[in-house]
Amino acid sequence: MSQFGHVSAVNLSRQCNMCTVFSPQHGSSIGNGISFAVSDAMGHKLRMPTTHAFSKRSNRNVHPLKVVCIDYPRPELENTVNFLDAARLSSSFRTSPRPSKPLEIVIAGSGLAGLSTAKYLADAGHKPILLEARDVLGGKVAAWKDEDGDWYETGLHIFFGAYPNIQNLFGELGINDRLQWKEHSMIFAMPNKPGEFSRFDFPEILPAPFNGILAILKNNEMLTWEEKVKFAIGLLPAIAGGQSYVEAQDGITVTDWMKKQGVPERITDEVFIAMSKALNFINPDELSMQCILIALNRFLQEKNGSKMAFLDGNPPERLCMPIAEHIQSLGGEVRLNSRIQKIDLNEDGSVKSFILTNGDVIKGDAYVFATPVDILKLLLPEEWRDIPYFKKLDKLVGVPVINVHIWFDRKLKNTYDHLLFSRSPLLSVYADMSVACKEYYDPNKSMLELVFAPAEEWISRSDEEIIEATMKELAKLFPDEISADQSKAKILKYHVVKTPRSVYKTVPGTEPCRPLQKSPIEGFYLAGDYTKQKYLASMEGAVLSGKLCAQSIVKDCELLSERAQKMVAEASLV
């Protein structure tokens, strides 16, 4: 495979960036969120007269623009242990004995967890009935098209090499080509040097973890050698203690762990504030250290674990629709605009049916809730609330997050075809989607998609206040191109998507509260990235949770069939 990838186009006016792009050492992204019924998924178009918006763009300043668009080769993932384990789990559904009578499994929620559950149950020969409250697939990866035909999303979604179940899923659906792989780097803004960035470049020639170690050692802009040594010493217990040590760190925050291990405070300021916000939308003084250690382990133990890819378009059509079509091709159903009002119970406390807000009653042989944990808690039957399995869910609370999209009247130069860590007090990560995503490509204007986090103090504020604060931060990232008063680049329009309750807040002490996919209620199961699995609150965690949920149901197939026959027999006697 070509080390440089496929060059689709070249920006003739940005030769300095071309050097970076074509350097052999760069050869061959976190967003989560969901809009509830009370969420705002809206935007405003700031219409400006053409003469005013573009009056300063004289012909002599216009360069022949052909935007750089490089598809780096898909990394070699198929031979990693985690990928092979994920592939075996996927294969187990396709090769499992065909049921004499397929189970009908009613699944609430069409996010990646619900779609994954339904997909693998269909692969095993069963009939999933997938119910989605809204008119769009995706849950935390939902997106909408505005009146101009432009898409705006619930979050900025990055697909890592260390996501084996997602990578298998793309392959199973035959859509690997929809992932746009970027150069193997992590790029951080430098707050003390407005407009400048610091890079961690992972060399292709080295295996893990040496490629990651060298990437860290070569970067002398963010950390000094003394700080690197002290951090390495601080990590020794995690390296020596392995998984048991990592699990034991759930009770301590990132900040407190760093102090305990004698790691300089500046390392947290320089690296782990950005990492904490990218992982869970909160700062390191709240985040459980277990979360950081799990991420480091996933990203550093595989050569391409930290390599990032963007989806080549909007998630509902480019990712969710192929899953839904696969489910339907095997006899399953996918129903939009099917919001659950109540979980109706039998006399023995098991699920009798899901009652929808439109009055429809949906019955099945088994039931799955694949919604965010906060929605489950709202609909949890009173009879179940004191059961320890469900009682522990009280400590799992979704974290607020805001996703911001801004369309500018010009092509911004101080950006990359990559995910960028802003290191801003208000912003987590961002990307120029007009460069990084093929469907959103625009040769003349930039669209920045930004994750606004932590958002707890901002979730109730107006869109105008959020945009104003965002512009002040962008003026530091683009000092020559953006000013808070729009005297430079002007906003053409924006969309602000607020998610009051996104992924569960990974604070110390929450790990023991994460439930297994099989509940103590016979025939009732859970899926979602908050359930017990090893890939955190992420897209990978959601997909894996769905597979584990489907696996539990397949194992219980005979029991569930007998239960269904018994209930039919009892009903006939009444």
Side-chain angles (χ1 to χ4, degrees), residues 34 86 89-94 96 98-99 101-142 165-166 168-175 315-340 343 351 353-354 356 360 362-372 375-376 517-519 523-529 531 533 539-557 560:
I34 185 168
L89 181 52
S90 294
S91 177
S92 70
F93 297 104
R94 298 189 297 271
S96 65
R98 299 296 91 176
K101 184 180 184 301
L103 295 173
E104 289 193 353
I105 302 101
V106 185
I107 303 168
S110 74
L112 290 180
L115 287 165
S116 173
T117 304
K119 191 264 185 195
Y120 292 105
L121 284 171
D123 284 349
H126 298 289
K127 181 185 178 181
I129 302 170
L130 189 62
L131 307 176
E132 168 54 45
R134 301 185 295 185
D135 61 356
V136 61
L137 296 171
K140 296 184 180 109
V141 298
N165 290 284
I166 279 188
N168 268 277
L169 180 60
F170 272 84
E172 293 160 27
L173 297 169
I175 57 172
E317 291 183 350
R318 302 300 288 168
L319 173 56
C320 299
M321 188 57 71
I323 306 175
E325 290 172 347
H326 178 86
I327 294 166
Q328 291 169 323
S329 73
L330 295 176
E333 299 179 28
V334 179
R335 305 181 188 177
L336 301 178
N337 299 306
S338 300
R339 185 180 299 275
I340 294 175
I343 302 174
V351 180
S353 65
F354 285 169
L356 307 186
D360 287 353
I362 312 297
K363 293 187 176 183
D365 301 312
Y367 299 84
V368 177
F369 239 72
T371 70
I375 293 180
L376 170 63
Q517 286 74 31
K518 182 177 179 177
S519 86
F524 185 75
Y525 302 81
L526 299 180
D529 57 17
T531 62
Q533 42 77 25
M539 292 186 292
E540 171 68 12
V543 171
L544 177 55
S545 77
K547 293 174 82 169
L548 295 175
C549 180
Q551 184 183 49
S552 293
I553 293 172
V554 171
K555 286 181 179 178
D556 292 345
C557 178
L560 293 169

If I compare all heavy atoms of T531 with all of S545, which pair ends up nearest, and what's the gap? OG1-CB, 3.3 Å
Rounded to the nearest 0.5 Å, the OG atom of S110 sits from the CG atom of L336 at a distance of 6.5 Å
I would like to know whether Q517 and S552 meet side chain to side chain donor-acceptor pair (under 3.5 Å); could you show each step before the answer? CA-CA 7 Å; Q517 286 74 31; S552 293; 5.4 Å; no
Can you list the residues that meet the salt bridge (charged side-chain N to carboxylate O under 4.0 Å, His left out) rule with K127, with sequence neighbours excluded? E104, E333
When rounded to the nearest 0.5 angstrom, what is the spacing between NZ in K140 and OG1 in T371? 8.5 Å
Counterpart residues, salt bridge (charged side-chain N to carboxylate O under 4.0 Å, His left out), relative to E317 (two or more places apart): none
Here the pair of heavy atoms bringing P102 nearest to G125 is CB-O, 3.2 Å
Just by distance, do the side chain of R339 and the backbone of N337 share a donor-acceptor pair under 3.5 Å? no
Would you give the length of the straight line joining atom CD1 of I105 to atom CG of L121, rounded to the nearest 0.5 angstrom? 4.5 Å
Between the main-chain N or O of C549 and the side-chain N or O of T117, is there a donor-acceptor pair closer than 3.5 Å? no
Taking all atoms of both residues into account, what is the closest heavy-atom pair of G138 and C320, and its distance? CA-SG, 3.6 Å
The criterion is ring-ring contact (aromatic ring centres under 6.0 Å, His included); which residues satisfy it with Y525, sequence neighbours excluded? none
Treating S116 as the side-chain partner and V543 as the backbone partner, does any N or O pair qualify as donor plus acceptor under 3.5 Å? yes
Working to the nearest 0.5 angstrom, can you tell me the gap between H126 NE2 and L103 CG? 5.0 Å
For D123 and L330, run side chain to side chain contact (heavy atoms under 4.5 Å, CB included): C-alpha distance rounded to whole Å, both residues' side-chain angles, the deciding distance at 0.1 Å, then the answer. CA-CA 7 Å; D123 284 349; L330 295 176; 3.4 Å; yes
How many angstroms lie between atom CG of L112 and atom CG of L544, to the nearest 0.5 angstrom? 12.5 Å
Would you mind checking if E172 and K119 are paired as a salt bridge, meaning a charged N to carboxylate O distance below 4.0 Å? yes
Pair L169, L173 - check side chain to side chain contact (heavy atoms under 4.5 Å, CB included), show working. CA-CA 6 Å; L169 180 60; L173 297 169; 4.0 Å; yes
Could you check whether any side-chain heavy atom of L137 comes within less than 4.5 Å of a side-chain heavy atom of M321, counting everything from C-beta outward? yes
If you look at every heavy atom in I340 and A108, which pair is closest and at what distance? CD1-CB, 3.2 Å
What heavy-atom pair brings L560 and D365 nearest, and what distance separates the two atoms? CD2-O, 4.0 Å
Within the 4.5 Å heavy-atom criterion, are D360 and S338 side-chain neighbours or not? no
Using side-chain heavy atoms (C-beta onward) and a distance below 4.5 Å, is L131 in contact with I107? no
Rounded to the nearest 0.5 Å, how far does OG of S92 lie from CD of Q551? 6.0 Å
What pair of heavy atoms forms the shortest contact from A324 to L115, and how long is it? N-CD2, 4.5 Å
Walk me through it: do Q328 and V334 pass the test side chain to side chain contact (heavy atoms under 4.5 Å, CB included)? CA-CA 7 Å; Q328 291 169 323; V334 179; 3.9 Å; yes
Can you tell me if E540 uses its side chain to pair, donor with acceptor, with the backbone of I166 under 3.5 Å? yes
Give the C-alpha distance, both sets of side-chain angles, the deciding distance and a yes or no for side chain to side chain contact (heavy atoms under 4.5 Å, CB included) between L526 and V368. CA-CA 5 Å; L526 299 180; V368 177; over 6 Å; no
In terms of the angle between their ring planes, are F354 and Y367 parallel, tilted or perpendicular, with boundaries placed at 30° and 60°? tilted
